[in-house]
There are 2 protein chains.
Amino acid sequence: MRLNQATDYAFRAVLYLSQLPKGQLAEAKLIAEQERIPIRFLLKILRLLTAAGIVESYRGVSGGYALARDPGEITMKDVVEAVEGPLVVNRCLVAPEECSKNFAARCPLHKALFSIQQTLNRELASYNFADLRACTDK
Amino acid sequence: MRLNQATDYAFRAVLYLSQLPKGQLAEAKLIAEQERIPIRFLLKILRLLTAAGIVESYRGVSGGYALARDPGEITMKDVVEAVEGPLVVNRCLVAPEECSKNFAARCPLHKALFSIQQTLNRELASYNFADLRACTDK
DNA sequence: ATTAAAATACACCTGTTAAGTGTACTTTTG
DNA sequence: CAAAAGTACACTTAACAGGTGTATTTTAAT
């Protein structure tokens, strides 16, 4: 029950980009050095973030990455989902046939886990990168 | 970010035991059949639950398992921790030196993740097996 | 046009973990 | 003392996490 390392790196990369003046690019190499992330792995993660529409990439000389929208419009949930896909707390929530003999509808555990998952999603969605950035500035 | 299969099985085993009349034992074999859990794996999980003081085991002929305390005093958090150990949402929460270059105290991500972890723990602790059992009875 | 600096693509590797099994042993009741 | 239960611990197998190799494409500056 842990977020993976790629997600952690993604958080840091997005936070880094959030701290740049609007419109300014940063190369992957720079982010990697500043945040101590293996460059090749970071590039892979940045592609996921690009595919999810969280960052924009610019190729070629003096290319790099920038946020695709305002940091206030990017939440930790967005980042988690970009990297790991939708959050699933338990197998039975995604594959009801895995729910032993009980139907999901009748299984109290299923209901509880679903509710927990929703709480978690709400919590992750409550943190945006404008707020997180502000927190570093102090 | 998912609970593992052993934890899912543990939930089901504890729920099963919660449904028994107080003081009555159930053999692992029976639980395994009813809940469709591989018996050997279940036995292993039951040992974790026993070690955590959630269930009591009785050896020998006509032995088996029973809850060590009232179902109302057992929460989903107890079960998760018995099987997986304390919940850790992110590596940096358990190994601050993993926190890239930032000290935990200064890292807004660290604070956010810690808060999320606490919410999750609170949520898991809010479900006890007396309530979950009641929910199946209907 | 060419070059160099950037991102992209996709396959691969390697260690760890999840999930489960093999085999032998211990405890307890009838 | 036999059989039915739980215990112990090592092992296996597959999947996944985290990362790397190698080649390609795009673009700005010369």
Side-chain angles (χ1 to χ4, degrees), chain A residues 1-13 17 24-33 35-52 54-68 80 83-85 88-92 94-95 98 100, chain B residues 1-13 17 24-33 35-52 54-68 80 83-85 88-92 94-95 98 100:
Chain A
M1 191 68 173
R2 194 179 295 198
L3 294 169
N4 62 33
Q5 192 59 27
T7 301
D8 188 35
Y9 290 156
F11 286 150
R12 292 173 205 289
L17 293 174
Q24 183 174 327
L25 302 188
E27 304 148 32
K29 191 181 167 196
L30 184 61
I31 304 173
E33 280 166 4
E35 300 296 329
R36 297 198 189 162
I37 305 173
I39 174 92
R40 296 292 316 286
F41 196 35
L42 175 61
L43 283 164
K44 199 181 210 172
I45 294 163
L46 285 166
R47 275 188 301 256
L48 292 172
L49 294 171
T50 305
I54 293 170
V55 310
E56 280 173 346
S57 70
Y58 299 89
R59 301 175 72 163
V61 175
S62 74
Y65 297 88
L67 294 185
V80 170
V83 177
E84 304 192 13
V88 175
V89 164
N90 189 290
R91 199 146 112 180
C92 75
V94 74
E98 297 285 353
S100 298
Chain B
M1 190 68 172
R2 194 179 295 199
L3 294 168
N4 62 33
Q5 192 58 28
T7 302
D8 188 36
Y9 291 156
F11 286 151
R12 291 172 204 288
L17 293 174
Q24 184 174 327
L25 303 189
E27 303 149 33
K29 192 182 167 194
L30 183 62
I31 304 173
E33 280 166 4
E35 300 297 328
R36 296 199 190 160
I37 305 172
I39 174 93
R40 296 293 314 287
F41 196 33
L42 174 60
L43 283 163
K44 200 182 211 171
I45 294 164
L46 284 166
R47 270 182 304 235
L48 292 172
L49 294 171
T50 304
I54 293 171
V55 309
E56 280 174 345
S57 69
Y58 298 89
R59 302 175 71 164
V61 175
S62 74
Y65 296 89
L67 295 185
V80 169
V83 176
E84 304 192 12
V88 175
V89 164
N90 190 290
R91 199 146 112 180
C92 75
V94 72
E98 298 285 353
S100 299

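Below, chain A is the first sequence line, B the second, and so on; all start at residue 1.
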Inset, instruction - Indicate, yes or no, whether a donor-acceptor pair under 3.5 Å links the base of dG19(D) to the side chain of Lys44(A). - result: yes
query: For dA4(D), does either OP1 or OP2 sit under 4.0 Å from a side-chain N or O belonging to Ser62(B)?
result: no
Ranking dA6(C), dA19(C), dG18(D) by distance to the side chain of Arg91(A), first place goes to dA19(C)
Picking from dT28(C), dA5(C), dG19(D), the nucleotide nearest the side-chain atoms of Phe41(A) would be dG19(D)
Tell whether Arg59(A) reaches the base of dT25(D) with its side chain through a donor-acceptor pair below 3.5 angstrom.
yes
Side-chain atoms of Pro38(B) come closest, of dT8(C), dG19(D), dT21(C), to dT21(C)
- Query: Taking OP1 and OP2 of dA7(C), is either one under 4.0 Å from a side-chain nitrogen or oxygen of Thr50(A)?
  - Reply: no
(message) Check this one for me: any side-chain N or O of Tyr65(A) less than 4.0 Å away from OP1 or OP2 of dT8(C)?
(response) yes
From the candidates dA28(D), dA4(D), dT8(C), the one with an atom nearest any side-chain atom of Val61(B) is dA4(D)
Please confirm whether any donor atom in the side chain of Arg40(B) sits under 3.5 Å from an acceptor in the base of dG22(C), or the reverse. yes
_Within the 4.0 Å heavy-atom criterion, would you say Lys29(A) contacts the bases, only the backbone, or no part of the nucleic acid?_
nothing
In whole angstroms, the gap separating P of dG19(D) from CG of Asp8(A) amounts to 11 Å
Here the distance between atom P of dC25(C) and atom CG of Leu43(B), to the nearest Å, is 18 Å
Regarding the side chain of Ser57(A), the nearest nucleotide among dA17(D), dT8(C), dA5(C) is dT8(C)
>> Does dG19(D) have its OP1 or OP2 closer than 4.0 Å to a side-chain nitrogen or oxygen of Tyr9(A)?
In response: yes
Beyond-backbone contact of Leu46(A) with Tyr9(A), side-chain heavy atoms, under 4.5 angstrom: no
